[in-house]
Chemist: 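Quick one: structure below, then a few questions.
Quick note: numbers below take in every heavy atom, side chains included, and nothing from hydrogens, waters or symmetry partners. Given the structure is predicted, the values throughout are model-derived calculations rather than measurements. In what follows, chains carry the letters A, B, and so on, assigned in the order in which the sequence lines appear, proteins first and then strands, with residues in each chain numbered from 1.
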2 protein chains.
Amino acid sequence: MPNKAAPFDTLDRQIVAALTENGRASFAEIGAAIGLSSTAVKRRVDRLRETNVITGFSATVRPAALGWLTEAYVEVYCDSAAPPRRLAEVVRNHPEIAAAMTVTGGADALLHVRARDVEHFEEVLERIRTEPFIRKTISYMVLSHLLPDSPEAGARRPATPAAAPDSAAIQR
Amino acid sequence: MPNKAAPFDTLDRQIVAALTENGRASFAEIGAAIGLSSTAVKRRVDRLRETNVITGFSATVRPAALGWLTEAYVEVYCDSAAPPRRLAEVVRNHPEIAAAMTVTGGADALLHVRARDVEHFEEVLERIRTEPFIRKTISYMVLSHLLPDSPEAGARRPATPAAAPDSAAIQR
DNA sequence: AGTGAAATTCTCCGCGA
DNA sequence: TCGCGGAGAATTTCACT
């Protein structure tokens, strides 16, 4: 069911671009750049949020600075017909999984995993392998990023998951 | 090379967690949650930015809402010894590449590609294949995300690249 | 390091074109 | 939908502990 056709014009696009580049830019600042008043910008941003074009705001963090030094992509192979629903549950049980999706090709799913170090990664991998219908995994360790400024080089999730690297954990 | 002694305590971690969850949270709000004044929070955030723990702020956008409906991971195989430096240049030439990294395993690099649709993706793939020392590519199309709330399901970069799809309808 | 206060700027309303 | 204007918050800087 298609939602109501929301008029998504150039102005909206420019606003999204501005907030993508700087999520804390003020409405006045954005307005000055695209020729709109701050109130008009606010109204549009509110609408973009209500229609879930913009789903939130977040600080971009360099995981390495927080002690997350290891990263890998993991192909997951499941038994026979593995229901994606159950796979999703499994994925949510492991906070080190930063992203997960079903994909075409031999594997049933591809996971993006962040860990503190290689030992931690190994532990995560064993934990995942223990899950019911996981048959095998193939890991590709990330060596270096070719787009350091990309969203995925820095991440937002690592701040939250379970055990934080050094000492103190995050209380919640 | 160890960084200069950066005192990174529990308070900093809590601030990062708060800004990761809500990048537009006010300093006062964060301060109230962790027992600090807004000024103290601001100073710490400024320091976190200067030390590149926090590299920026950004709106989280749902690419599908902007008309980026197709997504894939692409393994890239290069001729003989392909210099990562040149590979990085190549990657920067294609705005549809949201992330790129060198990895262990058979492939030389793994690319995260976003395109408007399958035709567009094919066009991107052919463009990449045309590059000098790219020998072959293997693509894994993303079918569905198992962690819808993850940073990578939504993206920041798609707002900018080349031609944006015409007025996209908002749909789920 | 932290707090508090003052000046500036921004956000968030309602109202009118 | 836009812009204007005012009340209330937030940001930013400064002085002090």
Chemist: Could you state the atom-to-atom distance from CZ of B:Phe8 to C1' of C:dA1 in whole Å?
Modeler: 17 Å
Chemist: Under 6.0 Å from the CD atom of A:Glu21, do we count more than 12 heavy atoms belonging to anything else shown?
Modeler: no
Chemist: Quick one: what's the B/S/- string for nucleotides 10-17 of chain C, heavy-atom cutoff under 4.0 Å, read 5' to 3'?
Modeler: SSBB----
Chemist: Distance only, no hydrogens: is a donor on one side chain within 3.5 Å (strictly under) of an acceptor on the other, for A:Thr102 and B:Ser144?
Modeler: yes
Chemist: Rounded to the nearest 0.5 Å, how far apart are CG of B:Leu146 and CZ of A:Arg86?
Modeler: 13.5 Å
Chemist: Just how far is it from atom OG of A:Ser150 to atom CZ of B:Arg92, taken to the nearest 0.5 Å?
Modeler: 12.0 Å
Chemist: Check the distance between D:dC2's P and A:Leu11's CG and give it to me in whole angstrom.
Modeler: 7 Å
Chemist: How long is the line joining CZ of B:Arg47 and P of D:dT12, in whole Å?
Modeler: 17 Å
Chemist: Tell me whether the side-chain N/O atoms of B:Arg44 come closer than 4.0 Å to OP1 or OP2 in C:dA1.
Modeler: no
Chemist: Parallel, tilted or perpendicular, judged at 30° and 60°: which one describes the rings of B:Trp68 and B:His120?
Modeler: tilted
Chemist: Salt bridge check, A:Asp9 against A:Arg44: does any charged N sit closer than 4.0 Å to a carboxylate O?
Modeler: yes
